[in-house]
Amino acid sequence: MESQIQKRRFDYKWVVLIMCFMMEFVCLGFCSSNPGLYTGAVTSALNIPRSLYSIGTSIRYIVQVIVGFFFGSLIQRFGIKKLVGVGLFSLCGSITMRYLTANIWHHYIGCVLWGLGIVFAGGTMASTVVRRWFHKDIGKVTGIVMSANGIGGAIAAQIISPLINNGETFGYRKAYLLSAIVSVIISTVVLIFVRDNPAADAPPSKSAKKAKGALWDGIPFEQVKKKPYFYLTFAMILLTGISLQSVGTISIVYMEDLGMNATFVATTATVSSLVLTFAKIFTGFSYDKKGLGFTLLMCHCCSLVAYLLKANISNTTIGMVMAMTATVLGTIAMPLETVMIPLMSNDLFGSASYTKVLGIFYAANSLGLCLGSPLCDIYRDLTGGSYRSCYWFFTGLMVLVTIGFQLVVRTAYKDKEKVLAAAEAEVN
């Protein structure tokens, strides 16, 4: 009778899952997914050069890098709920500051707060909360939470774009005001219901067969720092961020330079947003069913084919088919910089060092995004050539990244088997 009552008892983890989804919807989705929509309007209204305005993006990434390195220590000291509060408060403050912006320095302050908001209320935090409350199907749950990014961005684009482009000089402020209101409402709800998990992390797997996609005790961070494949993983995540951000930044303007129809180019952007939502969920399912190595290889192969197709497109019917195919495949690879980072942190290094490793890996990704943003534009300005060469370069780079990640997985799994075997021997 008692066991039946326990089965019927509501599990609060589902409330936490909804809160994580809402947090990503507002932080990475509604308030962060469409910064390009504001660029022209803000710089025109305030008479700010775009080059100075774009520095704000670099500032945001630098903040994410710096704070990311200390993420694990901050979690241990202050706990999840307090830092989520800091993140959501920073996000709301960032939007309010950009709403009130009267000069470039106000914009930069807003970007500093934006970076803090993304670290403490974005993917790094959401994946940490998920891992505290869910002890199986980690990939699936993480993918579902991260998919809120695409949903929030798609909805925001439809709502804020008309406000920005309504013909008013400061029409963009109405978009920021609406975003601030939405963020305050959702942030309040999240802070009311989100909790630190009172229980310890899930019991470790006791055998290598049970370890695929599951939580395990892992390796203490003092030992992790001595593992060469830890630094190789950092480097591969950095290069992945540079690659995905570089080609993503130039994708639309590259097709426009080739003379492709504006309607078609806009359609590729819409398709990308829709595919991203499903790609994150699909990546999570793939991880749970097929494991880390297979899922990484799938994402890398999609990016390689996408780059090759983009390197050979032209303003023809076949070229447009190739461009749309590349858009879909390239979007399937995007979870490499979101969903796959927490899954790698758990699978390769385990619970003992998870939050510290996660923060460092997200810092590597943020640094890659920061470096990748201007890379192709700098190349084009210096050479006076086409963006086409960039796709060939990043195809070669992604081949190296693919090989590097597979080497990491094979090496790390050998260590993992030893740790699990030792744990099983102690139990027996």
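Residue indices begin at 1 and follow the sequence shown. As the structure is a prediction and not an experimental result, all values here were calculated from the model.
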Query raised in the report: Which heavy atom in Lys140 sits nearest to a heavy atom in Phe285, and how many Å separate them?
Result: CD-CZ, 3.1 Å
Report task. Indicate yes or no for a side-chain donor-acceptor contact from Ser303 to the backbone of Gly330 under 3.5 Å, with no hydrogens or angles considered. Result -> no
Query raised in the report: Is there a donor-acceptor pair closer than 3.5 Å between any side-chain N or O of Asp288 and the backbone N or O of Gly139?
Result: yes
Query raised in the report: Side-chain donor-acceptor pair under 3.5 Å between Gln406 and Arg410, yes or no?
Result: no
Query raised in the report: What is the distance from atom CD1 of Ile138 to atom CG of Leu343, rounded to the nearest 0.5 Å?
Result: 8.5 Å
Query raised in the report: What heavy-atom pair brings Leu348 and Tyr413 nearest, and what distance separates the two atoms?
Result: CD2-CE1, 4.3 Å
Query raised in the report: Does the pair Glu168 and Arg173 meet the rule for a salt bridge (Lys or Arg N to Asp or Glu O under 4.0 Å), with working shown?
Result: CA-CA 10 Å; Glu168 298 179 15; Arg173 287 182 173 172; over 6 Å; no
Report summary line: Phe405 and Met344 have their tightest heavy-atom pair at CE2-SD, 3.4 Å
**Report entry** Lys174 side chain vs Leu163 backbone, donor-acceptor pair below 3.5 Å
**Finding:** no
Requested in this report: Answer yes or no: is there a side-chain heavy-atom contact under 4.5 Å between Thr124 and Phe361?
Outcome: no
Requested in this report: Taking the side chain as every heavy atom from C-beta outward, state whether Phe264 and Thr268 have any atom pair closer than 4.5 Å.
Outcome: yes
Report summary line: When rounded to the nearest 0.5 Å, the distance separating CG of Asn103 from CG of Leu46 is 8.5 Å
Report task. Check whether any side-chain N or O of Asn166 sits under 3.5 Å from a backbone N or O of Gly171 as a donor-acceptor pair, and report yes or no. Result -> no
Query raised in the report: Is Phe89 atom CZ crowded by more than 12 heavy atoms from other residues, nucleotides or ligands, each under 6.0 Å away?
Result: no
Report task. Would you please say whether a donor-acceptor pair under 3.5 Å links the side chains of Arg60 and Ser94? Result -> no
Report task. Find out whether Leu336 and Leu244 are in side-chain contact, i.e. whether some heavy atom of one side chain is under 4.5 Å from a heavy atom of the other. Result -> yes
Requested in this report: Can you label the angle between the Tyr172 ring and the Phe170 ring as parallel, tilted or perpendicular, going by 30° and 60°?
Outcome: tilted
Query raised in the report: Is the charged tip of Lys227 near the ring of Phe230: under 6.0 Å from the six-membered ring centre and within 45° of its axis?
Result: no
**Report entry** Minimum side-chain heavy-atom gap Val339-Met334 below 4.5 Å
**Finding:** no
Report task. Check whether any side-chain heavy atom of Ser243 sits under 4.5 Å from a side-chain heavy atom of Tyr307, and report yes or no. Result -> yes
Query raised in the report: Is there side-chain contact between Ser246 and Phe394, with heavy atoms separated by less than 4.5 Å?
Result: yes
Requested in this report: Specify the closest pair of heavy atoms between Val112 and Val63, including all atoms of both residues, with the distance to one decimal.
Outcome: O-CG1, 3.8 Å
Report task. Count the heavy atoms belonging to other residues, nucleotides or ligands that lie under 6.0 Å from CG of Leu382, then report whether that count exceeds 12. Result -> yes
Requested in this report: Please indicate whether Tyr53 has more than 12 foreign heavy atoms, meaning atoms of other residues, nucleotides or ligands, lying under 6.0 Å from its OH.
Outcome: yes
Query - Main-chain N/O of Ile313 paired with Arg388 side-chain donor or acceptor, under 3.5 Å - result: yes
Query raised in the report: Got a donor-acceptor contact below 3.5 angstrom from the Ser251 side chain to the Gly248 backbone?
Result: no
Report task. Give, for atom CG of Leu367 and atom CD1 of Ile237, the distance between the pair rounded to the nearest 0.5 Å. Result -> 11.5 Å
Report task. Calculate, to the nearest 0.5 Å, the distance between atoms CZ and CZ belonging to Phe120 and Phe71 respectively. Result -> 7.0 Å
Report task. Apply the test side-chain contact (heavy atoms from CB on, under 4.5 Å) to residues Ile155 and Phe25: give CA-CA distance (whole Å), side-chain angles for both, the deciding distance (0.1 Å), then the verdict. Result -> CA-CA 10 Å; Ile155 293 175; Phe25 175 90; 3.8 Å; yes
Report task. Report the residue from Val145, Val194, Val190 that forms a side chain to side chain contact (heavy atoms under 4.5 Å, CB included) with Cys20. Result -> Val145
Report summary line: Distance col, row Thr240:OG1 vs Gln245:CD, nearest 0.5 angstrom, shows 12.5 Å
Query raised in the report: Is it the case that Arg98 places NZ or CZ above or below the six-membered ring of Tyr38, under 6.0 angstrom from the centre and within 45 degrees of the axis?
Result: no
**Report entry** Whether over 12 other heavy atoms sit under 6.0 Å from Lys82 NZ
**Finding:** no
Query raised in the report: Quick one: does Ser345's side chain have a donor or acceptor within less than 3.5 Å of a partner on Ile341's backbone?
Result: yes
Query - Reference residue Leu304; test side chain to side chain contact (heavy atoms under 4.5 Å, CB included); the match among Val399, Leu309, Val401 - result: Val399
Query - Sidechain-backbone polar pair: Thr43 side chain, Gly40 backbone, donor-acceptor under 3.5 Å - result: yes
**Report entry** Euclidean distance, Met23 CE relative to Met19 CE, rounded to 0.5 Å
**Finding:** 10.5 Å
Query raised in the report: Going through the checks in order, is the side-chain contact (heavy atoms from CB on, under 4.5 Å) test met by Thr128 and Leu358?
Result: CA-CA 8 Å; Thr128 300; Leu358 178 67; 3.2 Å; yes
**Report entry** Asn365 vs Leu238 side-chain heavy atoms within contact, under 4.5 Å
**Finding:** no
Query raised in the report: If only atom types and distance count, is the side chain of Glu24 paired as donor or acceptor with the main-chain N or O of Gly123 below 3.5 Å?
Result: yes
Query raised in the report: For Ile95 and Ala180, which heavy atoms make the closest approach, and how far apart are they?
Result: CG2-N, 3.6 Å
Query raised in the report: Given the rule in the side-chain contact (heavy atoms from CB on, under 4.5 Å) test, do Tyr61 and Leu371 qualify, once you have shown the distances and angles that lead to the verdict?
Result: CA-CA 9 Å; Tyr61 283 133; Leu371 296 175; over 6 Å; no
Query raised in the report: Does the pair Asp347 and Lys416 meet the rule for a salt bridge (Lys or Arg N to Asp or Glu O under 4.0 Å), with working shown?
Result: CA-CA 9 Å; Asp347 208 328; Lys416 185 175 181 178; 2.5 Å; yes
Report task. Report the relative orientation of the aromatic rings in Tyr387 and Tyr254; use parallel for angles under 30°, tilted for 30 to 60°, perpendicular for over 60°. Result -> perpendicular
Query raised in the report: In terms of side-chain heavy atoms, does Trp114 have a donor or acceptor partner in Ser32 at a distance below 3.5 Å?
Result: yes
Query raised in the report: Got a donor-acceptor contact below 3.5 angstrom from the Ser353 side chain to the Lys356 backbone?
Result: no
Report task. For the residue pair Val357 and Tyr362, establish whether any side-chain heavy-atom pair is separated by less than 4.5 Å. Result -> no
Requested in this report: Could you tell me whether Tyr229 and Phe349 have their ring centroids closer than 6.0 angstrom?
Outcome: yes
Query raised in the report: Is atom OH of Tyr108 surrounded by more than 12 heavy atoms (other residues, nucleotides or ligands) closer than 6.0 Å?
Result: yes
Query raised in the report: Any chance the side chains of Asn312 and Tyr391 put a donor and an acceptor closer than 3.5 Å?
Result: no
Query raised in the report: When you look at CZ of Phe69, are more than 12 heavy atoms from neighbouring residues, nucleotides or ligands closer to it than 6.0 Å?
Result: yes
Report task. Write down the atom of Gly218, the atom of Ala352, and the distance for their closest heavy-atom approach. Result -> C-CB, 4.2 Å
Query - Working for side-chain contact (heavy atoms from CB on, under 4.5 Å), residues Val26 and Phe21 - result: CA-CA 9 Å; Val26 68; Phe21 187 92; over 6 Å; no
Query raised in the report: Just wondering, more than 12 heavy atoms not from Gln158 lying within 6.0 Å of its CD?
Result: no
